[in-house]
Visitor: 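Got a structure for you, written out below as structure tokens; questions coming shortly.
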Amino acid sequence: MSLVRDPAHLPLYLIAQIVDISELKQSEQVNRRLMERIKLANEAGGIGVWEWNLLTGEMLWDKRMYALFGLVPHESPGYDLWVHLLHPSDREHAALTVQQAIELRSAFHMEYRIVNADGQRWVRTQANRILSKEGRIERMLGICQDITPLRNLNDALFQEKERMAITLDSIGEAVISTNEAMRVAFMNPVAEKMSGWSQQQAAGKPLSELLHIT
């Protein structure tokens with residue numbers, strides 16, 4: 001018995017099967033590489049992925065979600081548990097946001113605080129809805145990201161800006177700040193008094209209209 005090596009001598013249905021198998025393997029390889037890249041990007045960005053089946057109430061969390069919310073492996077995530085882990089002051093707003101997204105069959109995004117063994121953390125959540133053929137919302141697929149360092153940085157910058165504003169308001173010298181086009185961006189009270197312009201009136205005007213230096 002001899003084997004047919006020339007594809008031209010193979011039956012058409014065998015050729016079609018070989019082509020289908022080859023394309024399937026290539027598709028599986030592409031999908032696997034894509035999933036590996038997505039997983040790497042999520043881990044690098046500290047992003048957790050979750051899925052919520054609204055028909056059964058079942059929630060699926062990846063490892064990053066468990067770590068972010070301080071869950072141990074034997075715990076099963078769920079909507080009620082998620083709400084319980086939120087900061088008491090943020091629970092009502094978060095629950096209302098989710099409820100409105102379900103009623104409107106829309107995506108949502110929000111920021112809130114969670115409380116776990118590591119203390120208080122800020123989390124940003126984004127989610128999209130998956131509809132059935134009838135247009136009903138069946139599932140929600142989303143991500144959660146720990147943005148605590150970013151929030152802390154923003155708070156620190158805001159406090160520094162407040163201290164700077166208090167300092168500029170308190171000194172006895174006139175201070176005027178402009179942008180690159182030499183248009184007024186800020187004036188302290190002394191500068192307002194000397195120029196006769198208020199901060200609100202002067203904002204965006206060329207410095208030459210306010211200040212004439214001899």
Side-chain angles (χ1 to χ4, degrees), residues 23-162:
E23 291 179 351
L24 179 61
K25 289 183 177 180
Q26 291 179 359
S27 178
E28 289 177 348
Q29 292 175 355
V30 171
N31 289 336
R32 184 169 60 252
R33 288 196 295 267
L34 179 61
M35 291 303 298
E36 289 174 351
R37 292 173 182 173
I38 293 175
K39 182 180 179 181
L40 180 61
N42 287 344
E43 291 177 352
I47 297 174
V49 181
W50 56 269
E51 182 178 344
W52 183 18
N53 188 322
L54 296 175
L55 301 180
T56 64
E58 181 184 16
M59 269 193 177
L60 299 176
W61 287 10
D62 68 357
K63 293 182 179 180
R64 178 59 188 167
M65 286 290 295
Y66 270 76
L68 178 58
F69 284 84
L71 266 64
V72 294
H74 70 268
E75 288 185 278
S76 298
Y79 176 78
D80 292 337
L81 177 60
W82 170 75
V83 173
H84 175 72
L85 293 172
L86 302 187
H87 190 283
S89 300
D90 297 339
R91 288 174 185 167
E92 182 177 356
H93 172 70
L96 181 61
T97 299
V98 173
Q99 185 62 36
Q100 289 178 340
I102 294 174
E103 292 176 356
L104 299 175
R105 295 179 297 174
S106 64
F108 73 84
H109 68 275
M110 59 179 167
E111 295 180 3
Y112 52 83
R113 292 163 292 177
I114 62 173
V115 182
N116 54 31
D118 297 329
Q120 177 178 292
R121 311 291 295 176
W122 276 98
V123 175
R124 175 182 293 141
T125 292
Q126 296 176 258
N128 205 349
R129 79 285 186 274
I130 300 176
L131 303 178
S132 66
K133 294 180 180 179
E134 296 76 22
R136 295 180 301 175
I137 182 169
E138 288 186 342
R139 292 179 294 149
M140 300 203 79
L141 182 64
I143 61 171
C144 289
Q145 183 178 15
D146 187 347
I147 59 169
T148 305
L150 179 60
R151 290 294 299 236
N152 290 341
L153 177 60
N154 287 340
D155 290 344
L157 291 174
F158 177 78
Q159 293 175 8
E160 185 64 26
K161 182 179 178 180
E162 288 290 296

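For the numbers below, each heavy atom of this structure counts, side chains included, while hydrogens, waters and symmetry mates do not.
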Visitor: Determine whether a donor-acceptor pair (N or O, by modelled atom type, separation under 3.5 Å) exists between the side chain of D62 and the backbone of V49.
Guide: yes
Visitor: Give the minimum heavy-atom separation between R113 and S89, together with the two atoms involved.
Guide: NH2-CB, 3.5 Å
Visitor: Answer yes or no: is there a side-chain heavy-atom contact under 4.5 Å between F108 and T125?
Guide: yes
Visitor: Quick one: CD on Q145 to CD1 on I47, what's the gap to the nearest 0.5 Å?
Guide: 4.5 Å
Visitor: For G135, does its backbone N or O pair with a side-chain atom of R105 as donor and acceptor, under 3.5 Å?
Guide: yes
Visitor: Between R91 and L86, is there a donor-acceptor pair closer than 3.5 Å when you use the side chain of the first and the backbone of the second?
Guide: yes
Visitor: Indicate the atoms forming the closest heavy-atom contact of A107 with A101, along with that distance.
Guide: O-CB, 4.5 Å
Visitor: Check whether any side-chain heavy atom of M110 lies under 4.5 Å from a side-chain heavy atom of V98, and answer yes or no.
Guide: yes
Visitor: With L141 as reference, evaluate R129, Q126, E51 under the side-chain contact (heavy atoms from CB on, under 4.5 Å) test and give the passing residue.
Guide: E51
Visitor: Go through D80 and H84 one step at a time and tell me if the side-chain contact (heavy atoms from CB on, under 4.5 Å) criterion holds.
Guide: CA-CA 6 Å; D80 292 337; H84 175 72; over 6 Å; no
Visitor: Just verifying a value: how many Å separate S106 OG and I137 CD1, rounded to the nearest 0.5 Å?
Guide: 7.5 Å
Visitor: Which of parallel (below 30°), tilted (30 to 60°) and perpendicular (above 60°) describes Y79 and W52?
Guide: parallel
Visitor: What are the two closest heavy atoms between L54 and M140, and how far apart are they?
Guide: CD1-CG, 4.1 Å
Visitor: Rounded at 0.5 Å granularity, tell me how far CE in M59 sits from CE in M65.
Guide: 7.5 Å
Visitor: Any heavy-atom pair between the side chains of R64 and I143 that's under 4.5 Å?
Guide: no
Visitor: Hey, what do you get for NE2 (H93) to NE2 (H87), rounding to the nearest 0.5 Å?
Guide: 14.5 Å
Visitor: For the residue pair F69 and W61, does the interplanar ring angle fall in the parallel (under 30°), tilted (30 to 60°) or perpendicular (over 60°) class?
Guide: tilted
Visitor: How close do Y66 and P77 get, counting heavy atoms only, and between which atoms?
Guide: OH-CD, 3.2 Å
Visitor: Tell me if the CD atom of E75 is crowded by more than 12 foreign heavy atoms within 6.0 Å.
Guide: yes
Visitor: Without swapping roles, check the side chain of T148 against the backbone of W122 for a donor-acceptor pair under 3.5 Å.
Guide: yes
